[in-house]
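See structure below.
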Amino acid sequence: VEYDLDTRQRSSRGAHAAGLLRELVDAEDAVVVNNGAAALVLVLAAVAGGRRVAVITVTGGGGIVSTDLLSDWDLEVPDLAPETISALQEIFPPWMPPKNPVDLWPTMEIRGINEAFELVVPVVMRDPNIDAVLLLPFASPFVQTQKVDIFTRAMKETKKPIVSWVFGFPSLFETFEGTMRAAGIP
């Protein structure tokens, strides 16, 4: 718990550190966060052309947590446009209605990881309600053949950014993350 000695009340996390950082770099303002997820959302907020974010994940839980975190930073996770929903319904199994956050797991089980990403990412990125995509891939032995050109093509076509938070097996994480960074995906 942060405590402000001048006001004798609880203070916001990082307020003192933010003040020191502003002085150190002579900045108008600064934000200090204490975890990678919050830092990722700040990057997303900085590169997005707007505040509307689609979350594409391989796990439903990751989508829920990300939605909460995006909301904390005043980013919106809007409903997908009807034409996007229609296109995704052709890709998803009938028992899994598509929505934002977009959970790819059922589609990956049917089509494989590369085909699922190849079909879903461009459709979501073309959505007029979406300004940027938060991508949550999983670094595992099953995705060692993940094609990142899927993402770079979609970014070039739509002029919208993708920011990725890779999680998974530590032994594969660095390689996967490096591949994503080399493709221009922070």
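Just so we're clear, the structure is a prediction, and the values are computed from it rather than from any experiment.
- To the nearest 0.5 Å, atom CE of residue Met96 and atom CD1 of residue Ile91 are 13.5 Å apart.
- Side-chain atoms of Asn100 come within 3.5 Å of backbone atoms of Val53 as a donor-acceptor pair (strictly under, hydrogens ignored).
- Taking CG of Asp131 as the reference point, atom CD of Glu76 lies at 8.5 Å (rounded to 0.5 Å).
- Side-chain N or O atoms of Ser86 include none that pairs as donor or acceptor with a backbone N or O of Glu83 at under 3.5 Å.
- A salt bridge links Glu157 with Arg126: the distance from a Lys NZ or Arg NE/NH1/NH2 to an Asp or Glu carboxylate oxygen falls below 4.0 Å.
- A 4.5 Å side-chain heavy-atom check between Lys160 and Val133 finds every atom pair outside the cut-off.
- The minimum heavy-atom distance between Glu90 and Arg111, with the atom names listed, is O-NH2, 3.4 Å.
- The shortest non-hydrogen separation linking Met108 to Val58 is SD-CG1, 3.4 Å.
- A distance of 8.0 Å separates OG1 in Thr107 from CG in Leu88, rounded to the nearest 0.5 Å.
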Item to check | Chi angles and distances behind the side chain to side chain contact (heavy atoms under 4.5 Å, CB included) call for Val102, Leu80 | outcome: CA-CA 10 Å; Val102 181; Leu80 298 171; 4.1 Å; yes
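- In this structure, Leu70 and Val55 have side chains that are in contact, with non-hydrogen atoms separated by less than 4.5 Å.
- Distance check, rounded to the nearest 0.5 Å: CG of Asn114 to CG of Leu119 gives 10.5 Å.
- Remark: Thr59 OG1 to Leu136 CG distance equals 8.5 Å, nearest 0.5 Å.
- Taking each heavy atom of Leu135 and Pro137 in turn, the nearest pair found is O-CD, 3.2 Å.
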Checklist entry - After noting the C-alpha distance and the side-chain angles of Met155 and Ile185, does the key distance pass the side chain to side chain contact (heavy atoms under 4.5 Å, CB included) rule? => result CA-CA 9 Å; Met155 288 190 302; Ile185 301 170; 3.6 Å; yes
Next on the checklist: Determine whether Asp127 and Arg52 satisfy the following criterion, side chain to side chain contact (heavy atoms under 4.5 Å, CB included), listing intermediate values before the conclusion.
Outcome noted: CA-CA 11 Å; Asp127 189 300; Arg52 303 169 305 169; over 6 Å; no
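- Rounded to the nearest 0.5 angstrom, Thr158 OG1 and Ile130 CD1 are separated by 11.0 Å.
- A 4.5 Å side-chain heavy-atom check between Glu118 and Arg153 finds at least one atom pair inside the cut-off.
- By the 4.5 Å heavy-atom criterion applied to side chains, Ser66 and Thr57 are not counted as neighbours.
- A heavy-atom distance below 4.5 Å is found between the side chains of Phe92 and Val120.
- Remark: Glu109 engages Trp105 in a side chain to side chain contact (heavy atoms under 4.5 Å, CB included) (not counting sequence neighbours).
- Taking 4.5 Å as the limit, every side-chain heavy atom of Pro97 sits out of range of all side-chain heavy atoms of Gln89.
- Listed for the Ser71 side chain is no donor-acceptor partner under 3.5 Å among the backbone atoms of Thr67.
- Residues Pro122 and Phe117 approach most closely at CD-O, 3.7 Å, considering heavy atoms.
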